[in-house]
2 protein chains.
Amino acid sequence: MNSRPPTLDEVAQRAGVSTGTVSRVINNAKHVSKKSREAVERAIAELGYVPNKTARSLATQQRGAIALAISSDDPALFANQFFAEVITGVNAIVEETDLELMLVLAASERGRARFARILRSRSADGVMLLALKENDPLSIMAEQSGVPVVHGGRSLDRTPQWYVDADNRGGARLATEHLLSLGRTRIGTITGELNTHAGVARYLGFREALALSGLSDERVAHGDFSEASGMAGMKTLLDDHPDLDAVFVASDAMAAGALGVLRDHGRAVPEDVAVVGFNDIVTARYTQPALTTVHQPIEALGREMTRMLLRLINNEQVTSLILPTELVVRDSA
Amino acid sequence: MNSRPPTLDEVAQRAGVSTGTVSRVINNAKHVSKKSREAVERAIAELGYVPNKTARSLATQQRGAIALAISSDDPALFANQFFAEVITGVNAIVEETDLELMLVLAASERGRARFARILRSRSADGVMLLALKENDPLSIMAEQSGVPVVHGGRSLDRTPQWYVDADNRGGARLATEHLLSLGRTRIGTITGELNTHAGVARYLGFREALALSGLSDERVAHGDFSEASGMAGMKTLLDDHPDLDAVFVASDAMAAGALGVLRDHGRAVPEDVAVVGFNDIVTARYTQPALTTVHQPIEALGREMTRMLLRLINNEQVTSLILPTELVVRDSA
DNA sequence: CTGAAAGCGCTAACAA
DNA sequence: TTGTTAGCGCTTTCAG
């Protein structure tokens, strides 16, 4: 049961042709007579031939693999929905090809070193990078390596050459406009980390929407996307602007925290204060009340990153992409 | 910036030694003079040499990669916490080695075909398989291939040769005993799918605990792990056994559904009916009330699977593992 | 349209 | 302790 798979040479012998011919058939090149082709195909079937990918890689100088790298210091960041959804999207496209998918979680210094080696040794024909922090060393490393790289998301400091991102700004506008359409006029926001692209973009979207309606955008508290910071932000907002009648919160985790604080302060949601979150995490459906939020096309992000990378590898033309977000209306606003 | 990395031959030339010697230094074999070693190391540093993994693979007949394969018809199943946590665990061990990690999501027929090819062409030195359904074709395929295989979880029909599993039965006992310790005596259960090992094991654990206390175990409704089935199961239970004072629910998703039904029927949780779930998904902390549940060591599962696989690849002795689960007490019981 | 042969970059066996 | 060389299995000229 452990017998070595047959080689191309053996197939050639069996089919009574040269290895060159077998190779041509396998890579369905032209200039092969029907007769040889059939003989080869029969031999392949009979022997159960499977090409040796390693040998082929060595000969062609192509690995037949792409890598999905996730750079982060905090391993907990992998452990979320986002991650799984991206991979699902990536896989959908990879599955249409013969490529292998390598996963590189660069959580530690070792992980980063491994990534560097993959780049230098051309272990992958291309790389998709989810750089979760700003100014990511891997990002720079990758773009300098000469290996095709597609980024998921952008960073503040440096816009990658090729990227796919969600429309954070548009999503924030959507959310804020929804609040406006509900007749709210004293709308505040709890921002995410303002040293991230997403954080800034969502804040800008919020301000944009208010500016267009000529309303004040001065009710703002700063958070860092975490639930705890959402609680703190909501308290600040309530203290500074007790007249608040709605709040756009830049992440669902923060919104969950904010919801708790509102409850504690006796403000009914959405009657007294309407709340909209961002991300549409699973738990958004389970908060009390269920959270109205902005859905990001995460799986699509994975799919488009992969498509883009494949084109890059094939030297086709590509263009960076911003994917639309959409509002999911539930009970909180 | 796109220059081909130097080859071993070039290093040899630069260091003024033979390729054999360079190879020995790289694989730090013995029988190398200090002098040569240093010369080689210098040359490697100067040239920025990185070994070509493909060439090495071809020569050694080892791929230097292991695969994590997830078999499922339903892509949505990937998109959960479980998946991300397993990978985090796997990565922790992989990161200690030079191995690459390939990911194979066999959702479609194509995916399965790709997996078969990986097996036949020895694209990976070993495979970890998360077979999410019973009687999984991949599982059989893998074990017949001669490639080392470690399973995550077991199936009902066939216990894999090497596996790591969570102690579902023990966890269910833990949960039920907790209910007993609370003084509850009319305890029911909503089971998971009874054509899965986990479903059956959890049901058995429940019955075991009740049997040991001499209590009736006849309050049972059957679900399929889904939220909807949890709602249905809870209704059935309430109809058939209105005296119910506690329920062990075989998954958190079902428990979330059950909680809603209890609320609708005016039963206070945990006062009237105590509820314990299973899995400890993220949302368990957000239900109303927060769900007492059984935590599975998912990341550890990933870690142990990987360790086991590495030992298998090195022809070391291994033994299948059952990892302990633990009770997380929150508000619902 | 087909066959022969020279690599791809590395390892490993054998000589020296 | 070192150098030499024959592969690993496939692709790809180059002749024919």
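Bear in mind the structure is a predicted one, so any value in this text is a computation, not a measurement. Proteins come first, then strands; the chains are lettered A, B, ... in the order of their sequence lines, and each starts at number 1.
Atom CD of B:Gln61 is separated from atom P of C:dC10 by 17 Å (rounded to the nearest Å). Look at CG on B:Asp9: it is 9 Å from C1' on C:dC10, rounded to the nearest Å. Spacing between atom CD of B:Gln13 and atom P of C:dG9 amounts to 14 Å, rounded to whole angstrom units. Rounded to whole Å, atom P of C:dT11 lies 11 Å from atom CG of B:Leu58.
Ion pair B:Arg114/A:Glu96 not flagged as a salt bridge, since none of the NZ, NE, NH1 or NH2 atoms sits closer than 4.0 Å to an Asp/Glu carboxylate oxygen. Electrostatic pairing of A:Glu95 and B:Arg112 does not count as a salt bridge here, judged by no charged N lying under 4.0 Å from a carboxylate O. Of the charged side-chain nitrogens involved, at least one lies within less than 4.0 Å of a carboxylate oxygen, so that B:Glu143 and B:Arg158 count as a salt-bridged pair. By the 4.0 Å N-to-carboxylate-O rule, A:Arg14 lies close enough to A:Glu46 to be salt-bridged with it.
Counting only distance, with no hydrogens or angles, the side chain of A:Thr306 and the backbone of A:Gly302 share a donor-acceptor pair below 3.5 Å. Checked by atom type and distance alone, the side chain of B:Ser121 pairs as donor or acceptor with a backbone atom of B:Arg117 at under 3.5 Å. Side-chain N or O atoms of B:Asn91 include none that pairs as donor or acceptor with a backbone N or O of B:Ile87 at under 3.5 Å. Remark: side-chain polar atoms of A:Arg303 are not paired, donor with acceptor, to backbone N or O of A:Val90 under 3.5 angstrom. Without hydrogens or angle criteria, A:Glu38 side chain to A:Lys35 main chain gives no donor-acceptor distance under 3.5 Å.
Just one of B:Val94, B:Val150, B:Asp125 meets the side-chain contact (heavy atoms from CB on, under 4.5 Å) condition when paired with B:Leu309; it is B:Val150.
Under 4.0 angstrom from either OP1 or OP2 of C:dC8 there lies no side-chain N or O belonging to A:Ser57.
Taking a 6.0 Å sphere around CD of B:Gln13, one finds it holds 12 or fewer heavy atoms contributed by other residues, nucleotides or ligands.
In this structure, the side chain to side chain contact (heavy atoms under 4.5 Å, CB included) partners of A:Ala142, at least two apart in sequence or on a different chain, are A:Phe115, A:Leu119, A:Leu129, A:Val149.
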Check: residues 53-60 of chain B side-chain donor-acceptor pairs under 3.5 Å, at least two apart:
unit_1  : atom_1 : unit_2  : atom_2 : d
B:Lys53 : NZ     : B:Gly64 : O      : 3.0
B:Lys53 : NZ     : B:Asp98 : O      : 3.1
B:Ser57 : OG     : B:Lys53 : O      : 3.0
B:Ser57 : OG     : B:Gln62 : O      : 3.1
B:Thr60 : OG1    : B:Arg56 : O      : 2.8
B:Thr60 : OG1    : B:Gln62 : N      : 3.3

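Of all the residues in residues 45-56 of chain B, not one reaches under 4.0 Å from DNA chain D with any non-hydrogen atom.
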I'd like a table of atom pairs between the protein and nucleotides 3-6 of chain C - only N or O on both sides, under 3.5 Å - with the distance next to each one.
unit_1 : atom_1 : unit_2  : atom_2 : d
C:dG3  : OP2    : A:Ser18 : N      : 2.9
C:dG3  : OP2    : A:Ser18 : OG     : 3.0
C:dG3  : OP2    : A:Thr21 : OG1    : 2.9
C:dG3  : N7     : A:Arg24 : NH2    : 3.4
C:dG3  : O6     : A:Arg24 : NH2    : 2.5

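Terminal axes of the helix from C:dC1-D:dG16 to C:dA16-D:dT1 (five pairs each, C1' rotation axis) are separated by 40°, to the nearest 10°.
Summary of the strand contacts: B:Ser33 and A:Pro6 both lie near DNA chain D, and taking for each the nucleotide with the nearest heavy atom, the more 5' one is attributed to B:Ser33.
Along DNA chain D, the stretch of nucleotides lying under 4.0 Å from any heavy atom of chain A spans, 5' to 3', D:dG9 to D:dT13.
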